[in-house]
Number of protein chains: 2
Amino acid sequence: MPTRGEAIAELVVLLPMFMKTLLEGLETIAGLNVSEKKALMCICKHEGGTMSEYSKRLGLAKGSFTTVADSLEKKGLVERVLGSDDRRKWVLVLTQKGNRIAREIDTRFKQHITAKLARLSEEDLEKLQQALETIVATMEKLHERRYG
Amino acid sequence: MPTRGEAIAELVVLLPMFMKTLLEGLETIAGLNVSEKKALMCICKHEGGTMSEYSKRLGLAKGSFTTVADSLEKKGLVERVLGSDDRRKWVLVLTQKGNRIAREIDTRFKQHITAKLARLSEEDLEKLQQALETIVATMEKLHERRYG
DNA sequence: AACGAAATGTTAGAATTCTAAGCAATGTTG
DNA sequence: CAACATTGCTTAGAATTCTAACATTTCGTT
């Protein structure tokens, strides 16, 4: 009989497949790749963050996020701004066009997920939501500082 | 107030971050990259599957999985075998060495996850396990054929 | 102030993954 | 059976991401 940790390990490896299931068929928008879309959404929800913050949120290496930010800037969707007294730090803000596209992506994404889940019962949806909330709460606990 | 589908959409995008949290710090083994390790585990648990099956399970494009299988074969960990009367299909089986390394990866992975979760209470662990089981069950429901 | 250590962001090149086209084998339809 | 579509896998080239090294700025200690 597996320990609880082992059982969880077995389950965790299936999460990418779940993501794939939910996301497949999501149409592209405005010549943006997946990371660019995620980044735009992330900047929209947490505007004025630094490069490092966004790269962590998106799970990208710092260098990779530089590429993404360059691309979004070139497309006129975000701007780099010197935002504090720390002259190493750049802050990203959405342009008007970037804001409009971010909203569009958000709307379409939610429609897509809703359509994907349309075959589930209301009870299943409620369970799923609770499960996801549990996972997010767990993640936050794991991020709490060790000594504090 | 968001609909349930919208709420779920908001939560789903946080899953990759959860994965990252759990997996960070996992040491490398035997010069295998992440996909190669996943593939080895997958072949170990579901031996004798076809290339297409594994690529789906791993969430990789078919062409990408060819690369991974090539690499594992070159390293002497798996073998391609003609496994059925359908001469298009290749079947993958582990070599003795591949089997040994797969077990080692499995052990280390479970130890890693267990260590990561060590700070959580038994109650939290139980909730997490249930949440993951709910998600996997949901995925299976979403994979059921539309008409059947 | 001065020194080294750490943090922020960029760059270059390698590694990984994807897309699209192609080949061979099988399935389907008339 | 013949023609066509589909499936399983591979290949080639492009796109994406990673790693490691770097320049700049800030922090911490003396």
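Lettering of chains follows the sequences in order, A, B, ..., and the numbering in each one begins at 1.
Ion pairing of D70(B) with K74(B) is absent here, as no side-chain N (NZ or NE/NH1/NH2) approaches a carboxylate O to less than 4.0 Å. R119(A) and D124(A) are not joined by a salt bridge, as no carboxylate oxygen comes within less than 4.0 angstrom of a charged side-chain nitrogen.
Applying a 4.0 Å cut-off to non-hydrogen atoms, none of the residues of residues 70-80 of chain B approaches DNA chain C. Taking every heavy atom of residues 45-54 of chain B and every atom of DNA chain D, pairs under 4.0 Å involve T50(B), M51(B), S52(B), by number.
For residues 46-64 of chain B, no pair satisfies salt bridge (Lys or Arg N to Asp or Glu O under 4.0 Å), with sequence neighbours left out.
Put simply, CG on L92(A) is 13 Å from C1' on dT8(C), counting in whole angstrom units. The nearest whole Å value for the distance from the CZ atom in F65(A) to the P atom in dT16(D) is 15 Å. Taking atom CH2 on W90(B) and atom C1' on dC23(C), their separation rounds to 14 Å, with Å as the unit. Rounding to whole angstrom units, CG of residue L82(B) and P of dT26(C) are separated by 10 Å. Atom NZ of K89(B) is separated from atom C1' of dG27(C) by 12 Å (rounded to the nearest Å).
Atom CD of Q96(A) sits in a sparse spot, with 12 or fewer heavy atoms from other residues, nucleotides or ligands closer than 6.0 Å. Within 6.0 Å of the CZ atom in R80(B), the count of heavy atoms belonging to other residues, nucleotides or ligands exceeds 12.
Looking only at distances, a side-chain donor or acceptor of K75(B) sits under 3.5 Å from a matching main-chain atom of G31(B). The backbone N or O of L22(B) sits less than 3.5 Å from a side-chain atom of H112(B), completing a donor-acceptor pair.
With hydrophobic clusters built from ILVMFWY side chains whose heavy atoms lie under 4.5 angstrom apart, V93(B) does not share a cluster with I105(B).
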For this session: Do nucleotides 17-25 of chain D as a string where each nucleotide becomes B, S or -: B if the base has a protein heavy atom under 4.0 Å, S if just the sugar-phosphate does, - if no protein is that close.
Result: SBB-----B
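At a threshold of 4.5 Å between non-hydrogen side-chain atoms, the residues F65(A) and L92(A) count as touching. No side-chain heavy atom of V68(B) sits under 4.5 Å from any side-chain heavy atom of Y54(B). Two residues are said to be in side-chain contact when any heavy atoms from C-beta on lie closer than 4.5 Å; I101(B) and L77(B) meet this criterion.
The structure places CZ of R88(A) at 12.5 Å from CG of L82(A), a figure rounded to the nearest 0.5 Å.
Applying the side chain to side chain contact (heavy atoms under 4.5 Å, CB included) test to T134(B) and every residue at least two apart in sequence or in another chain returns K127(A), A131(A), T138(B).
Comparing the start and finish of the helix from dA1(C)-dT30(D) to dG30(C)-dC1(D), five pairs each, the helix axis swings through 40°, to the nearest 10 degrees.
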